[in-house]
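These notes concern the structure reproduced below.
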Amino acid sequence: MDSVKVIAYGLKECNSSEPKQLLRCLKNVSFINENDYRISFKPNGDLATGARYDIINLQPSNGFQPIFPPKLIGSWTENGGLEINKSAIFCTSRDGNCEQNWKDVDINPPESFCSADCKFGSRKHIIWDNMCCWECIPCSNTEYTNTTNALECNKCSYDEVANSSKNGCNKLRPYYFTPKYNNIALITCIVIMIGIAVTVLILIFFIVKRRSTVVHLSCGKLFKFPLLTSIICCFAFVSFLLSPVSSFSCLLSATILFLPIVACEAILLFICFTHKRDSKKAKRYNTWIFFIILSSYTSCVAVGYIIKKPELAKDPDYVKDILVIGCEMNSAISCYSMATVFVLLLDVVGITIAYRTRTTQGNFNEAKFIFYTFIAHTMLWVALILVKVLTSDDINRTHLTSAFGMIGSASIFLACMFFPKLNAYKRKPEARILVGNKRGWKFRRKTKENTSESLIEDSSNTKQHLVDNLNKTIEALNNETMQARRVISLCKDHQRDLRQRFSHSESEILNKLYIIRNAKAELFFSSNYMKTTKC
């Protein structure tokens, strides 16, 4: 009854069921029970007056089995002192050597207290059938205690983990998807450098061989260098995903990460319109297309900003003691998702337009490869979206998926638009014919030796090109001459047939005229007029 009253007075005083606060309130409780006995407590929790303690002895039972139920052998009161029933103590030796009894049990004797103090890094768990006994439960990796006999463990913050002693918290080590921390990121960087190197080599080749037919006519004559520059930016912008991120870098990458892909798709649309229309109309349409695409992309990114602003994402890993930091890219509606949807819409528009121009001849079937480019690019991003939806929201995996998408897009544009032209330059002689004039970039050499050698080399190359062009022209003239001769022979045969037919018709006409004349003469002489005249 007294214990119930103590709890009631404690709850009334503090109006809280929080364990620590309730314990402090219970120590301040003081009242007189029904037996006129004052119940109050000392600062350590003992009764201030009339304290009583039971003395128990843990004894083995059931034939010295390792079970030790407590047995009351005495008591201690503040007024009466200590009272112990020595005969009830588990000790059968007459000389009082109780250690021999525990040796016969063949197990270690229990300690002389019910429960030891709970040290740092553990908390008390009360055994409800005996309020004076408890067990110490270790705190988890994210909890700590810095006091003994703590009733509960203190939580560390989300970016902290308990130290080895579990009496405090340590900051988790930051972990970024960079080559320093992740081998896959290192491999991705190597792939990026290879892609940039290959694109730069193709750009240099196109600059050097800009007067050849296949290079001069490629990409609508105007868009080959902007397209190569956009492909290089596709590779380079992956570095936003492979570097330590911050709030500003997340904002910047959400804005311009997909811009090179949009530029490549816009250029392909320009080329389609160039193949379909004349140059003046194509330039006018390209200006409007560029303005519409740029404004649409800006609007999509702005909508993503309004709905959810790009921010840092932190994912603690308490097993490895690291804090994974990256940009939040898994939201259903964000700048990244809106930009991805816009890229897919451009792919659909590009497939529709390229399908209508895929049969256009010239420029070494360039229109057909544009159609293949849009098809492959659409398949790539649909597969990446399915991977993002079906996999877990892991920051590293999300960054890797986006990086793979950027690298894959650049590789598709490069492989479908420029590798066929390199193959045509190697295999088809007409692709190496020089066109246009020599205006453009001029490379001057300073030394006389280099100048003379370059002039000799240029002159020899020019002569060889002239000879090749002359041979090809002669061969073409011979073919045209043979074809003209065939046409002349066919015309002569047709003329001969016509003459034969005309001569046959002429003889038939003369015979008919002779018959008509005779008939007229007979009619004339047989008439009445001729008879009268004769008389």
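Here Cys169 pairs with Cys156 under the disulfide (SG to SG under 2.5 Å) rule; sequence neighbours left out. Residues that satisfy the side-chain contact (heavy atoms from CB on, under 4.5 Å) test with Cys153, not counting sequence neighbours, are Arg123, Cys139, Glu143, Thr145. Evaluation of the ring pair (Phe, Tyr, Trp, His ring centres under 6.0 Å) rule for Phe120 yields no partner, not counting sequence neighbours. Under the ring pair (Phe, Tyr, Trp, His ring centres under 6.0 Å) criterion, Phe235 pairs with no residue, sequence neighbours left out. Checked against ring pair (Phe, Tyr, Trp, His ring centres under 6.0 Å), Phe240 has the following partners two or more places apart in sequence or in another chain: Phe237. Applying the side-chain contact (heavy atoms from CB on, under 4.5 Å) criterion to Ser246, with sequence neighbours excluded, gives Phe248, Ser249. The side-chain contact (heavy atoms from CB on, under 4.5 Å) check on Ile474 picks up Leu470, Asn478, with sequence neighbours excluded. Residues that satisfy the disulfide (SG to SG under 2.5 Å) test with Cys327, not counting sequence neighbours, are Cys250. For Cys416, the disulfide (SG to SG under 2.5 Å) criterion is met by no residue, not counting sequence neighbours. Annotation: disulfide (SG to SG under 2.5 Å) contacts of Cys25 (sequence neighbours excluded): none.
The stretch residues 173-184 participates, sequence neighbours left out, in these side-chain hydrogen bond (donor to acceptor under 3.5 Å, both in side chains) pairs: Tyr175-Asn182.
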Could you tabulate the donor-acceptor pairs under 3.5 Å formed by side-chain atoms of residues 307-318, not counting sequence neighbours?
| residue | atom | partner | partner atom | Å |
| --- | --- | --- | --- | --- |
| Asp317 | OD1 | Val319 | N | 3.2 |
| Tyr318 | OH | Tyr158 | O | 2.9 |

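Using modelled atom types and a 3.5 Å distance limit, the side chains of Ser165 and Asn163 yield no donor-acceptor pair.
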